[in-house]
Asks: 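Sharing a structure with you now.
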Amino acid sequence: MLKIYNTLSGKKEPFEPLVPKTVRMYVCGVTVYDYCHIGHARSALVFDMIRRYLEYSGYRVEFAKNFTDVDDKIIKRANEQGVSCDQITVKYIQAYHEDMGRLGVRPASIEPKATEHMADIVRLTETLISKGLAYHVNGDVYFEVAKYSDYGRLSKRRLDDLQAGARVEVDERKRHPMDFALWKSSKPGEPAWDSPWGPGRPGWHIECSAMSIRHLGETFDIHGGGMDLIFPHHENEIAQSCGATGKEFARYWIHNGFVQINQEKMSKSLGNFFTIREIFEKSEWSEAETGEMLRYFLLATQYRGPLDFSDQSLKEAKNAVNGFYDLFARLAESDGNASGDEGLSQAIERCRVSFRGAMDDDFNTPVAIAALQGLRSDVNKLLDCGLSTEARKVARGEFRSLGNCLGLFQLDKWQFGPFVVPIGPATETDTAMPITVKSVLADADIERMLQERNEARSRKDFKRADEIRKSLASHGIIIEDKPDGTSRWKR
RNA sequence: GGCGCCGUACCCAAGUGGUAAGGGAGCAGUCUGCAAAACUGCGAUGCAGCGGUUCGAACCCGCUCGGCGCCUCCA
C-alpha cells in the first residue's frame, strides 16, 4: 500500500486515487525565461520518478506539467534582449526539453501553456467575481483573501500572522494586503489579451488553477512542486479553485526539498546555481553517463529533504553507478556453469519486496537504491558460483525493470574512464563536440592490442603484456583479465 | 514577529519507541604472473549538547547550540 506525505495534512496518508487505477497529477513546471538549474532538475526528476513508480504499480497516470509563458520576468528578459516574448519562451521551452531529456526525464503526458488557456483563465476569473470572491479595480482583478475562510490551510498560516512580517503594500486599491492579482491590466507594449476588464494578462496563480481543472478535472489526485511554492502559489491556487468550484481541488500535495550549495538554497537571486547544461558541458564523462550519474545523485536522497550539491557527491554517485555496470558487464558474458541459478529467484524476490516497500513508503528512493545494491551484491556472489546465460538475462532484466522506476540502469553500454580534455585552444567546434584522446582508439584497435597481449601472456612474456596494458591505460582503457585467459576492457 | 526544516561514522544516506540499513572512500585478506573486478573481514557502546518521560529513545517532551527555508519572484 502506497503512502504519501501530504503537505495538506502534514502526515503520511494511504494513497487512493479518486478513479481506481488512474492517477491524475499536476506539477508546476517552470517559468521559461532562462536555463534550468539543478534545483529545477531535482523537482522534475522527483515527479518523473513518482510518475514512473505509479506506472510500475499498475496505475495509468495522466500527468500534466505546465510552462508559465506569460510573466514579468519574461517581459523583462525580452525587453533586455530586444526580442519578442515568444522568442524567449520558445527558446527556453526547447532548452527545457533538451536538458530534461538528457537527464532522462520523460515529457509529461500534457504540457499546457498559460498563453493557450486564456479563455479558461478569463472564465474562471469571471466565476470568482460572480461568486463575490474577487473584485475588479481599474482593469485589475484581485482575489479577496478574506472571503475564503480556509485561506492558509496548506501553508499553515493565518492571515493575521502574514500581515505582521509582510512588506508594506503600496497598492491601496486592495481590500487586504494579501489579496492577489487574478488579472493584470497591461501597459503599452506588453503582451495583452482581451477580457471583460480590458486588455491584460493573467496573474501567476490563476493559470495553474485553470489548466489543471481543464486537463484533469475540478478535483484530481496529486499536485506537486518545490517547497517554495507552498506559499503563496499553491495556497492561492487552492483558494481560487475551491472558491470557484466549491469542491476539493487537489487531494494530495507533494513538495520536494531544495538543492543547496554549502547549506544554502540554490537560487537565481543568490547566484549560487549551476545550470543543467553547465554540468553536462563540464562533465568529464559522456552525456549518457553524466545523465545517469546526476539522476543517481539526485535520487540518493529522499525527495523531501535538503540535498547538498558538490563535485565530491557527484563523483561518489558515479562510482556507485560504475559498480552496477561492472556487474552488467559480467552478466553479458557466459560460462558453462549454472550452479548459482537456483539462488537467483530468491535474491530477486528479496530485492523486489524491499524495493517496493521502500517506494511505497513515501517514495523512499535511498532505501530502494539500497535494495538494488543488495541484489547487486547477491548476483555477484551467484556469479562466482556460475550463472547460466538465461539466468544472467533474468538478472539483468530485473535491474532494468526496477531501475526503470528511477530511470537507472537502462544503458546497454557504459563507458567508464574520464574523457580527456582536448589539447590546445578551445574552439567553437571543440565545445560543441569534444574530441577526446580516448575516442581516437577504435574498438577494433583495442581488440587487436588485447589479442596481442593475451598471446604474449600465454607465452609468459609478461613484459610485453604489461607494456600493452600500460599503453592502453594511457588511452584510458582498463583491462580486466578473466580466469579463462581472455580479457574484458572498459574505458 | 509568524510558520517550518536540518544536524546520524572520513563522505553520502536510511532508520522516527525495542537496542544503529546501504553505498562511496580507506585498510587488511582471498583470488591473480601483475593488475582490475568480485568476495571476506575491519570501521559510530553511539545518532549536535543537556535534562525529562519510559522496562527501554537517534526516535517522544523541554531547553540550549549550530545551520537553513518560507512569509517578496523562486523547483
Side-chain angles (χ1 to χ4, degrees), chain A residues 7 10 27-31 33 36-47 68 71-73 76 152 155-169 178 204 224-233 235 255-260 262-270 273 296-297 300-302 304-308 310 312-324 326-327 329-330 354 358 361 364-374 376-377 379-381 383-384 416 457 460-463 465-466 469-470 473 478-483 487-490:
Chain A
T7 308
V27 172
C28 289
V30 293
T31 301
Y33 72 102
C36 291
H37 58 58
I38 306 297
H40 300 115
R42 184 182 191 193
S43 189
L45 206 48
V46 160
F47 291 101
T68 296
D71 173 86
D72 290 347
K73 292 187 290 295
K76 181 164 175 260
S155 56
K156 318 280 188 280
R157 289 154 211 252
R158 295 176 309 145
L159 278 175
D160 300 345
D161 297 337
L162 287 168
Q163 285 179 79
R167 198 168 60 178
V168 183
E169 289 286 344
M178 294 314 296
W204 176 34
M227 290 278 187
D228 46 1
L229 297 183
I230 294 173
F231 191 91
H233 185 53
E235 194 69 63
H255 294 96
N256 65 275
F258 297 128
V259 174
Q260 310 183 140
N262 298 324
Q263 327 283 346
E264 278 191 323
K265 178 185 174 182
M266 179 185 285
S267 72
K268 289 277 172 63
S269 45
L270 285 170
F273 61 90
Y296 187 99
F297 164 70
T301 298
Q302 211 271 348
R304 281 190 286 124
L307 195 174
D308 225 68
S310 70
Q312 195 197 333
S313 310
L314 230 44
K315 176 70 181 159
E316 286 176 5
K318 181 65 167 61
N319 287 341
V321 181
N322 281 350
F324 283 96
D326 270 327
L327 169 61
R330 292 183 76 190
S354 85
D361 181 17
N364 196 332
T365 51
V367 174
I369 287 173
L372 290 164
Q373 281 158 342
R376 175 189 156 227
S377 170
V379 173
N380 262 317
K381 281 174 223 169
L383 223 32
D384 285 344
F416 281 84
R457 286 173 69 213
K460 305 264 189 251
D461 183 358
F462 297 122
K463 184 167 174 289
D466 288 347
R469 181 201 290 284
K470 214 173 162 185
I478 296 165
I479 298 168
E480 293 178 16
D481 293 332
K482 294 191 283 182
S487 309
R488 71 170 77 94
W489 60 274
K490 62 191 182 187

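Every chain is numbered from 1, with letters handed out A, B, ... down the list of sequences.
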Asks: Look at all strands and tell whether H37(A) reaches a base, only sugar-phosphate, or nothing, counting heavy atoms closer than 4.0 Å.
Replies: base

Asks: Does S377(A) reach a base, just sugar-phosphate, or nothing at all? Heavy atoms under 4.0 Å.
Replies: sugar-phosphate

Asks: With a non-hydrogen cut-off below 4.0 angstrom, is F297(A) in contact with a base, only sugar-phosphate, or nothing?
Replies: nothing

Asks: Base, sugar-phosphate alone, or nothing: which one does R457(A) contact when heavy atoms must sit under 4.0 Å apart?
Replies: base

Asks: Taking rG51(B) as the reference, what is the distance to rU16(B) when you measure between their P atoms (whole Å, please)?
Replies: 26 Å

Asks: Can you measure Q302(A) atom CD to rC5(B) atom C1' for me and round it to whole angstrom units?
Replies: 13 Å

Asks: When you compare rU32(B) with rC39(B), how far apart are their C1' atoms, in angstrom units rounded to a whole number?
Replies: 14 Å

Asks: Within the structure shown, what part of the strands sits under 4.0 Å from S155(A) by heavy-atom distance: base, sugar-phosphate, or nothing?
Replies: sugar-phosphate

Asks: Among the nucleotides rC12(B), rC71(B), rA38(B), which one has an atom lying closest to any side-chain atom of E316(A)?
Replies: rC12(B)

Asks: For N364(A) and R469(A), find the nucleotide of RNA chain B closest to each by heavy atoms; which residue's nucleotide sits nearer the 5' end?
Replies: N364(A)

Asks: Just compare rC6(B), rG69(B), rC12(B) and give me whichever is closest to any side-chain atom of L270(A).
Replies: rG69(B)

Asks: Touch check for I369(A), heavy atoms < 4.0 angstrom, all strands: base, sugar-phosphate only, or nothing?
Replies: nothing

Asks: Roughly how far apart, to the nearest Å, are rC61(B) and rA25(B) at atom C1'?
Replies: 39 Å

Asks: Looking at rC63(B), which nucleotide sits across from it as a Watson-Crick or G-U wobble partner, both distances under 3.5 angstrom, or is there none?
Replies: rG49(B)

Asks: Which nucleotide wins on minimum distance to the side chain of P306(A), given the candidates rC6(B), rG24(B), rC39(B)?
Replies: rC6(B)

Asks: Nearest of rG23(B), rG69(B), rC11(B) to any side-chain atom of K265(A)?
Replies: rG69(B)

Asks: Starting from P on rC3(B), measure out to CG on D160(A) and report it in whole angstrom.
Replies: 12 Å

Asks: Output the rounded distance in Å from OH (Y296(A)) to P (rG23(B)).
Replies: 9 Å

Asks: With no hydrogens and no angle check, is any side-chain donor or acceptor of S267(A) less than 3.5 Å from a backbone partner on L270(A)?
Replies: yes

Asks: Would the base of rC3(B) count as contacting R158(A) through its side chain, where contact means a donor and an acceptor less than 3.5 Å apart?
Replies: no

Asks: Check every strand shown and say whether V259(A) touches a base, only sugar-phosphate, or nothing at a heavy-atom separation below 4.0 Å.
Replies: base

Asks: CG/L45(A) to CG/N256(A) distance, rounded to the nearest 0.5 angstrom?
Replies: 10.0 Å

Asks: Regarding K268(A), tell me which of base, sugar-phosphate or nothing describes its non-hydrogen contacts under 4.0 Å with the strands shown.
Replies: nothing

Asks: Please tell me which of the listed nucleotides, rG33(B), rC34(B), rC68(B), lies nearest to the side chain of Q260(A)?
Replies: rC68(B)

Asks: Please state the C1' separation for the pair rC6(B) and rG49(B) - nearest whole angstrom.
Replies: 16 Å

Asks: In terms of side-chain heavy atoms of K73(A), which of rG69(B), rA21(B), rC73(B) is nearest?
Replies: rC73(B)

Asks: Phosphate oxygens OP1/OP2 of rC12(B): is one of them under 4.0 Å from a side-chain N or O of S313(A)?
Replies: no

Asks: Whether R376(A) contacts rA38(B) is assessed here as follows: a side-chain N or O lying under 4.0 Å from the phosphate OP1 or OP2. Is that the case?
Replies: yes

Asks: Counting only side-chain heavy atoms from C-beta out, which of rC6(B), rG22(B), rC70(B) sits nearest to D228(A)?
Replies: rC70(B)

Asks: Under 4.0 Å, counting only non-hydrogen atoms across every strand here, what does G257(A) touch: a base, just sugar-phosphate, or nothing?
Replies: base

Asks: With a 4.0 Å cut-off on heavy atoms, is R157(A) in touch with a base, just the backbone sugar-phosphate, or nothing at all?
Replies: base

Asks: Looking at E235(A) and R157(A), is there a salt bridge between them, counting it only when a charged N and a carboxylate O are closer than 4.0 Å?
Replies: no

Asks: What does rC10(B) pair with, Watson-Crick or G-U, if both distances are under 3.5 Å?
Replies: rG24(B)

Asks: Grab the CD1-C1' distance between I478(A) and rA37(B) for me, whole Å please.
Replies: 10 Å

Asks: Taking atom P in both rG41(B) and rG24(B), compute the distance separating them and give it to the nearest angstrom.
Replies: 15 Å

Asks: Base, sugar-phosphate, or nothing for N256(A), non-hydrogen atoms under 4.0 angstrom?
Replies: base

Asks: So what does G39(A) hit on the nucleic acid, given a heavy-atom distance under 4.0 Å: a base, only sugar-phosphate, or nothing?
Replies: base

Asks: State whether the distance check finds a donor on one side and an acceptor on the other, under 3.5 Å, for side chain D71(A) versus base rC73(B).
Replies: no

Asks: If I pick the P atom on rG67(B) and the same atom on rU8(B), what distance separates them, to the nearest angstrom?
Replies: 15 Å

Asks: Got a salt bridge between D71(A) and K76(A), using NZ or NE/NH1/NH2 to carboxylate O under 4.0 Å?
Replies: no

Asks: Output the rounded distance in Å from CG (L307(A)) to C1' (rC12(B)).
Replies: 9 Å

Asks: Mind checking the C1' distance from rC47(B) to rA58(B)? Whole angstroms is fine.
Replies: 4 Å

Asks: Please classify the nucleic acid contact of M266(A) as base, sugar-phosphate, or nothing, using heavy-atom distances under 4.0 Å.
Replies: base

Asks: Expressed as a whole number of Å, how far does the C1' atom of rA20(B) sit from that of rA9(B)?
Replies: 11 Å

Asks: For the backbone of N262(A) and the side chain of Q260(A), can you confirm whether one donor and one acceptor N or O come within less than 3.5 Å of each other?
Replies: no

Asks: Apply salt bridge (charged side-chain N to carboxylate O under 4.0 Å, His left out) to the pair R457(A) and D481(A), showing each step before the final yes or no.
Replies: CA-CA 11 Å; R457(A) 286 173 69 213; D481(A) 293 332; 3.4 Å; yes

Asks: Is F462(A) touching bases, backbone alone, or none of the nucleic acid, heavy atoms closer than 4.0 Å?
Replies: base

Asks: Searching all strands shown, indicate the nucleotide that pairs with rU30(B) (Watson-Crick or G-U wobble; both distances under 3.5 Å).
Replies: rA38(B)

Asks: Can you tell me the distance, in whole Å, between the CG atom of L229(A) and the P atom of rC5(B)?
Replies: 18 Å

Asks: Does D466(A) or R488(A) map to a spot on RNA chain B nearer the 5' end, using the closest nucleotide for each?
Replies: D466(A)

Asks: Quick one: R304(A) CZ to rG4(B) C1', roughly how many Å, whole number?
Replies: 13 Å

Asks: Nearest 0.5 angstrom please: M227(A) CE to H255(A) NE2, how far?
Replies: 8.0 Å

Asks: Given atom NZ of K381(A) and atom C1' of rA37(B), what is their separation to the nearest angstrom?
Replies: 16 Å

Asks: Given that both distances must come in under 3.5 Å, which nucleotide forms a Watson-Crick or G-U wobble pair with rC70(B)?
Replies: rG2(B)

Asks: Between D384(A) and R330(A), is the closest basic N to carboxylate O distance under 4.0 Å?
Replies: yes

Asks: Please confirm whether K268(A) makes a cation-pi placement over Y33(A), using NZ or CZ under 6.0 Å from the six-membered ring centre and within 45° of the ring normal.
Replies: yes

Asks: Among the candidates rG22(B), rA13(B), rG69(B), find the nucleotide nearest to the side-chain atoms of P366(A).
Replies: rA13(B)

Asks: So how far is it from I38(A) CD1 to F297(A) CZ, rounded to the nearest 0.5 Å?
Replies: 8.0 Å

Asks: With a 3.5 angstrom cut-off on both distances, give the Watson-Crick or G-U wobble partner of rC55(B), or none if there isn't one.
Replies: rG18(B)

